[in-house]
Amino acid sequence: MTLDTEAIDRREAFLMDLVRTAGALAQEGFSQQSGRPIGMKGPQDYLTETDGRVEAHIRGRITEAFPEDGFLGEETGGKPGSQAWVVDPIDGTANFARVIPHFCISIAFVANDQVQLGAIANPVLGEVYFARLGGGAQMNGKPIRVSATADITGTSFEMGWSNRRPTSDYIAAVSALFDAGSNVRRAACGALGLAYVADGRSEGYAELHMNSWDCLAGLLLVREAGGVTGPFLSLGGLTQGAPVLAANPHVGGILSHATGIPLLAGPDLLAQGDDKLLRTA
Ligand code: LIP
């Protein structure tokens, strides 16, 4: 089913409110996190009580407002179908669990084979990012753009780490970026890492494997803020995850070369073939 503009307008207004209420709930949990036991879902995979509480809040409100929409959440899963909300209730859970104030809520809405809406809230700093396909990107209502830095010796990239890919591949990518002259950081919250590319705080973000709930909203933000990205949906990333790359257009090729993640030419359609991929490096 194809969604028309009016249907997306209604979801946009809803999402603006939803991400703020979810952010408030996360912030409340964070203020009580100190001293709480830290739960683990698997190796280096954290879970706090707040992850579950925030996802239940988001899922409940979506089901009530748009019962026809699918849902895919980090904590409770789900079947996305042709139009769905893709939700990470707390991205940066390892930080959150250890009372490090660098985490966010990430919500994307996918329909018509593309990410239509994306919102990321950083409740600690009171920053809410929002993007709509073809409608630009903003933070707290103000338009944002990727950085204009083209000189590699002035760049700062973030390279996310996932234990779903060999450590040697991660080290090789980080090493190539340092050799190229960039600074490289890792702040353990992929969605905020992407938001920081969109607002120019960093020149690029890459990770060899990310799940859709961690990155769909951020990838839309970067594209709508004038940045370049790798393919994601067309690689089956919605349900299986895929590599992620996002950068300002001047240095995207360098990040692509260092990580081996291709750059995308054109929209990231679910059914798009590899012929639309462009290797610039
Ligand atoms: C994590 C990210 C982290 C990334 C991991 C993981 P979680 O998500 O934020 O930065 O490197 O691949 O996806 O578990 O905190 O929601």
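One-based numbering, in listed order, for ligands and for the atoms of each. Predicted model, so just to flag it, every value in this text is computed and none were measured.
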Q. Could you walk me through whether R132 and D9 pass the salt bridge (Lys or Arg N to Asp or Glu O under 4.0 Å) check?
A. CA-CA 10 Å; R132 176 169 175 161; D9 288 347; 2.8 Å; yes
Q: Please name all residues satisfying side-chain hydrogen bond (donor to acceptor under 3.5 Å, both in side chains) with N95, sequence neighbours left out, ordered by chain then number.
A: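 Not a single residue meets the side-chain hydrogen bond (donor to acceptor under 3.5 Å, both in side chains) criterion with N95.
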Q | Residue list, side-chain hydrogen bond (donor to acceptor under 3.5 Å, both in side chains) with R201, at least two apart or on another chain | A |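 So R201 forms a side-chain hydrogen bond (donor to acceptor under 3.5 Å, both in side chains) with E127, Y129, D199.
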**Q.** salt bridge (charged side-chain N to carboxylate O under 4.0 Å, His left out) against D169, all qualifying residues, sequence neighbours excluded
**A.**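 So D169 forms no salt bridge (charged side-chain N to carboxylate O under 4.0 Å, His left out) with any residue.
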Q: Could you pull out the closest heavy-atom pair between I105 and P89, with the gap in Å?
A: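 Scanning both residues completely, I find the closest heavy atoms to be CG1-O, 3.1 Å.
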Q.
Using every non-hydrogen atom in the two residues, find where V197 and Y205 come nearest and quote the distance to one decimal.
A.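 It is CG2-N, 3.6 Å.
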(Q) I need the contact residues for ligand 1: any residue with a non-hydrogen atom closer than 4.0 Å to the ligand, ordered by chain then number. (A)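 Only E74, D88, I90, D91, G92, T93, W161, R164, A188, C189, G190, E207, D214 have heavy atoms that fall under 4.0 Å of ligand 1, ordered by chain and number.
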